[in-house]
Every structure is written in C-alpha cells, then in structure tokens.
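Chain letters run A, B, ... following the sequence lines, proteins first and then strands; every chain starts at 1.
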Amino acid sequence: MKRVLRRLAWAVFVVWATVTIAFLVNHALPSDPARMIAGQQAPPAAVAKIRSELGLDRPLWSQYGRFLRRLVHFGPSSFEKTDPQHGSCANAGPLHLDLGRSYQQRRPVTTILAERAPRTLLLAFAAACVQALIGVSAGVFAATRRRTSADRLAVGLSMLGVSAPTFVIGLFLQWLFAYRLRWFPIDGYGETALEHLASLVLPAITLGVFGAAYYTRIVRDEMIGELSSDYVRTARAKGLGPLQVTVRHALRNAMMPIVTMFGLEIGTLVGGAVVTESVFRWPGLGSLSVNAMLDRDGPLIMGCVVVTSTAVVLSTLAVDLAYAFLDPRVRRSGSS
Amino acid sequence: MSTWRGDDRSVSGAAARVSGAASPPVRMRDALLRNTAFRAGLVLVGLLVTLALLGPIVARHDPYTSDFVGGITSENLPVGPSAEYWLGTDRIFRDVFARLATGARISLAIGIAATAIATCVGTVVGVLAGWYEGRALDTVLMRLVDVGLAFPFLLIVMALGAALDRTTATTILLTLGLTGWLGVARMVRAKTLQVRNLDFVVAARALGQSTWRILAKHVLPNVAGPVVVIATLLVAQMILAESVLSYLGAGISPPTPTWGHMLLEGQDYLTAAPWISGAPAAAILVAVLGFNLLGDGLRDVLDPRKT
C-alpha cells in the first residue's frame with residue numbers, strides 16, 4: 001500500500017515536472033502572442049493592452065504561479081461560458097480545470113481538448129486491437145512452425161513492419177486503398193457514424209503496423225519458450241490436440257508479458273498518433289498539437305503537453321499496479 | 001567497434017561473462033558475416049552510403065533548379081523516370097534523384113552525429129549512475145531520465161523548429177542528440193551494475209586504483225558491446241526522427257532536400273506522380289531497415305542468450 005502511494009506521488013511529480021519544463025520552453029520561445037493576436041498592423045497601444053490582459057507583461061514566476069493556480073482550482077459547480085472568472089474552465093462539480101484560451105481559435109483549451117481527445121482515444125484503441133490481433137496470431141503461427149519458410153516469412157515481415165516509418169505505411173495504404181481501389185476515404189473524419197468508421201480503418205492499420213510487427217516478434221519468442229517447456233510436453237503426452245495445447249496451455253502462459261505491453265502501448269499510441277493523424281488529417285490530439293506548434297499557440301501547446309504526458313504516465317502507472325496485482329511475488333515484496 | 005574488440009581480448013574471461021562475446025576479433029567477424037540479418041543490413045547500409053557519397057556526383061541535374069523545358073510534360077505535370085531524369089521530377093520540376101542523393105547525405109550525417117552525441121551522453125550518465133547506485137547522484141540522474149521519458153519530445157523539438165525562423169542541420173542534430181540519450185543511459189546503468197561486482201573490478205578497487213581509472217579501464221570496455229548494438233539501432237531511430245520532423249514541417253527548412261519533406265511534397269501527387277513520394281519513402285525504409293538489421297545481427301553475435 002505504501003509502495004502504491006509512493007508510486008502515485010511519483011506519477012504526479014513526473015506530470016508536474018513535464019508541465020513545468022514545457023512552460024519554461026514555451027516561455028523561452030521567441031514569439032510574441034500579443035502581436036500575433038492583434039495582427040501585424042496593430043498600433044503598439046493595442047498590442048500592449050492585449051499583453052496586459054493575458055498577463056504576459058508580468059514576471060515569469062508570477063505567470064507560472066497563475067498558470068498552476070488556474071490549472072486545478074475550486075469554483076462554483078455551475079457557471080456561464082461568458083463568466084470572466086471561470087469562462088474557460090472545465091469542471092467536475094466544484095473542481096475546475098483551466099488551461100486558458102487558445103490564441104488562434106479564441107475558445108477555451110479544455111473545450112478543444114475535450115472535442116479532440118475521444119477521437120485520438122478511438123484511433124489508439126483501434127490500433128491497439130489491430131496490433132494485438134495481428135501480432136498474437138502471427139506470432140503463434142510462426143512459433144508453431146518454427147524454422148519453416150512460413151516462420152521465416154513472418155519474421156522477415158515483422159522486421160519490415162518494425163522498420164517501416166508510420167508515414168511511409170500511411171502513404172502506401174492511401175495510395176493503394178484510397179486512390180487505386182477506392183475502398184476507403186483518403187483522409188478526414190467524415191460526418192456520420194458510418195463515415196467515421198470507414199475513415200478509421202486506414203489510420204488504425206497504419207498506427208498499428210509497428211506494434212503488430214513488434215508483438216509478432218515478442219509472441220513468437222515467448223511461445224517458443226513455452227512450447228518447449230515440461231507442462232506442454234505433459235499436455236501433449238495426455239493426448240491433447242495441437243490446437244488445445246497451443247491455445248489453452250502455451251498461449252495462456254505467454255500472454256503475461258503481452259498484457260503488460262498492451263497497457264503500455266495505449267500511452268505510446270496516444271503520443272505516436274501525431275504522425276498518423278497528420279498523414280490522414282484525422283482531427284485528434286496529434287494533429288492538434290502539430291498545428292498548435294506551427295501556430296505557436298502557447299495555451300494550446302501546454303494543453304497538449306498536459307494531456308499527452310498524463311496519458312503516458314497513467315498508462316505506465318496502470319501497468320506497474322497491474323503487475324503488482326497479477327504477480328504475487330511483486331505484491332509480497334511491496335507489502336513488506 | 002574496434003576499441004571494444006581490442007579491450008575485449010585483454011579481459012576476455014570477464015567479458016565472456018558480461019557480454020557473452022569472448023571470441024577474438026577474427027572469429028567475431030566471421031560470426032557476423034555468417035549472420036543473415038547482419039549481411040542484409042550491411043548490403044542496405046552499403047547502398048545508402050553509396051547513394052550519399054556518389055549520388056550527388058553522378059546526378060545529371062542540380063537538386064535546387066527547376067527545369068521548365070525537359071522536366072515538364074505537355075499537361076504541366078512532372079515527368080516520370082527516364083534516362084534524363086532517373087527518378088522523374090518533383091512538383092516544381094526538380095530532379096528527384098539529385099534531391100534524394102543530397103537528402104541521403106543529410107539523413108546519414110544527422111543520424112550518425114546525433115547518435116554519437118546521444119551515445120556519449122547516455123554512456124557517461126549510465127556508467128556514473130550505475131557505479132554510484134543508490135547514492136544521490138544515481139537518484140537524481142535516474143529521476144531525470146524518468147521525467148525525460150514521459151516528456152513529449154516531439155512537441156518540444158517542433159516548438160524549437162517553429163520558433164527558429166531557419167532550422168539548420170546543426171539545430172536538428174543537436175536537438176535529436178541531446179534528447180536521445182535517455183534510453184542509452186538506462187541500459188548502460190543496468191550493465192554497469194552487473195560489471196561493478198565482477199572479480200576483476202573488485203580486485204582493481206582493492207589494489208587502490210582510482211575510480212576514474214577503473215571506470216575507464218575496466219567498466220567502460222565491458223559495457224561497450226551492448227552500447228555498440230544500441231547505437232546502431234539508434235542511428236535508425238535518428239534518421240526516422242529527422243524525416244518525421246521534416247515531414248511535419250519542423251525539420252531543416254526548404255529548399256534543402258530532406259526525405260521527409262520530399263514525401264510531404266509528393267502526397268498531393270500520389271496518383272499523378274507517385275515517384276515523388278515513392279523514392280523518399282523507399283529510401284527511408286531502406287535506411288531504417290538497414291540499420292535495424294545491422295543492430296539485430298550485432299546483438300545476435302554479441303549476446304547469444306537473446307536468440
């Protein structure tokens with residue numbers, strides 16, 4: 001229990017440190033948001049007014065303090081969107097989360113993130129399914145046919161999959177399935193639920209290929225280890241069929257590290273979605289952060305950093321805790 | 001490569017326990033050349049190096065100049081691969097081959113230089129943290145690595161790219177190098193922990209040798225094997241990172257040809273002129289695959305337990 005609490009505290013610290021570094025980097029960037037909002041032709045007085053409204057004329061530590069105070073604070077449970085104090089907040093009861101307003105879109109950052117996050121999660125989840133499905137079946141397939149040409153083909157393809165950059169795969173799929181065969185839309189998100197689904201297919205495969213190839217290698221190695229163990233020999237001696245031995249005995253034991261990876265992957269996928277989303281113009285967090293960067297939209301950049309680093313930290317945390325829960329050895333050493 | 005092989009011989013008994021590579025240089029070279037992955041990697045990387053070294057010399061056109069006479073079709077589209085333009089022309093009618101070859105130089109240079117920086121920093125941090133395990137220095141360094149690994153670096157590299165009006169190769173390789181050492185440090189620390197308690201290190205300490213001497217003479221040569229493997233794989237990651245940055249518009253500023261940006265430029269011409277994207281896509285694939293195979297082969301030979 002003490003260990004879990006320590007682990008949680010460390011997770012909070014990592015997110016805080018990440019956010020602080022991002023704040024400093026953001027501040028050090030040689031760009032003038034007030035000038036950007038006011039426009040190139042605006043008189044200096046107007047620029048100065050915007051600067052003081054945004055608090056950009058205050059010293060760094062005061063801006064940082066304000067940012068942290070606003071990030072998580074308490075306020076009324078219900079408020080108007082026009083409220084000068086809490087207009088840009090997102091809240092759960094009296095607990096408020098405020099990341100300010102985007103310089104470019106002039107909307108609360110929390111609103112924009114809430115709009116984009118589910119789409120990236122959907123994409124990451126679909127990709128995780130793609131990799132688990134392809135990776136596990138290809139890995140088992142190769143392991144049960146070890147040293148045959150089918151095994152070598154699977155290993156070779158997985159090497160190719162691990163090495164192929166996301167955007168190369170994405171462009172290839174676009175070229176083949178969107179331009180040539182016209183089975184799926186080239187990019188975008190679509191209007192209806194059915195269109196969303198059709199638009200999801202190519203990006204999900206693109207994002208999942210690396211993981212699928214990586215899983216194939218891991219599952220193959222694990223399965224080869226399990227298949228040569230004593231209990232599998234016993235199961236075979238009992239007269240169980242090859243399918244039963246492979247799936248019910250060996251695969252079950254080989255799954256442990258795979259489940260661990262599945263958890264880790266979701267966090268990585270949220271981060272890795274940047275390139276995939278840009279290739280397919282998928283309106284999620286990844287393309288949002290790229291645009292925020294290119295527009296030098298400070299509050300939006302900070303929002304993206306907060307969300308992505310939290311996602312990565314949470315998924316590692318979840319894996320650590322799940323490990324402690326699943327493996328009695330880790331659990332016991334933790335409680336002592 | 002050569003340094004660690006030489007040192008390996010002098011402490012071969014201990015090295016056998018640590019990295020599993022006790023064979024003298026010649027036998028190791030033979031083992032490497034028998035390894036299919038290593039051979040395939042060698043061929044691919046060889047192709048790439050040839051393209052980078054000779055490509056710009058044999059190219060028939062300048063990579064920066066548009067050709068509105070020979071490089072354009074009657075429908076105002078780029079021309080396809082021909083004897084004149086080996087890989088066709090791009091959307092503003094420049095020679096794709098010349099740009100690809102110049103891009104190869106940039107990719108390789110950045111990949112190798114950034115890896116060198118990351119490997120040096122990572123090795124120093126890892127050896128120090130491992131040697132002083134459990135002390136304040138180790139705690140601080142490893143916590144730093146933890147935070148670093150959770151940090152969305154792409155965002156920061158992009159922010160830098162967006163902030164500097166002109167991004168040069170030096171900016172990119174420094175950013176990649178100084179952000180890429182985290183994984184190396186973790187691995188080297190783990191290896192140092194193993195080496196630290198081996199007999200010959202304990203003996204050197206008992207003899208009263210200074211810490212720096214032990215680290216340089218005994219620890220470093222014995223963590224070098226895995227470092228060579230990880231560095232080879234890192235070159236692939238760095239080349240990939242460079243092309244991702246230029247694809248996203250945060251890499252080296254145009255008109256300098258980079259594979260990532262060439263890919264982006266060709267994306268709108270996937271049907272009309274697939275070679276514009278196809279050539280850099282193939283080049284990136286060959287580069288990443290080549291270094292990955294090299295690294296895999298090295299690992300197979302240096303660390304037989306993993307296979």
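- Taking the side chain as every heavy atom from C-beta outward, A:F13 and B:R143 never approach each other to under 4.5 Å.
- Applying the 6.0 Å contact sphere to OH of A:Y64 captures more than 12 heavy atoms from other residues, nucleotides or ligands.
- A donor-acceptor contact shorter than 3.5 Å links the side chain of B:Q267 to the backbone of A:V279.
- Contact annotation for B:P274: only side-chain heavy atoms (C-beta onward) come within less than 4.5 Å of a heavy atom of chain A.
- A distance of 12.0 Å separates OG of B:S277 from CH2 of A:W175, quoted to the nearest 0.5 Å.
- The interface of residues 283-292 of chain B with chain A, defined by heavy-atom distances below 4.5 Å, comprises B:I284, B:L285, B:V288, B:L289, B:N292.
- Atom CG of B:L248 and atom CD of A:E277 lie 11.0 Å apart (nearest 0.5 Å).
- The shortest distance between side-chain heavy atoms of A:P165 and B:V244 does not fall below 4.5 Å.
- For A:L160, the parts sitting under 4.5 Å from any heavy atom of chain B are the backbone and the side chain alike.
- Contacts between B:L264 and chain A at a heavy-atom distance below 4.5 Å are absent for every atom of the residue.
- From B:Y247, atom OH reaches atom OG1 of A:T166 across 10.5 Å, with rounding to the nearest 0.5 Å.
- Atom CG of B:L293 sits about 6.0 Å away from atom OG of A:S163, to the nearest 0.5 Å.
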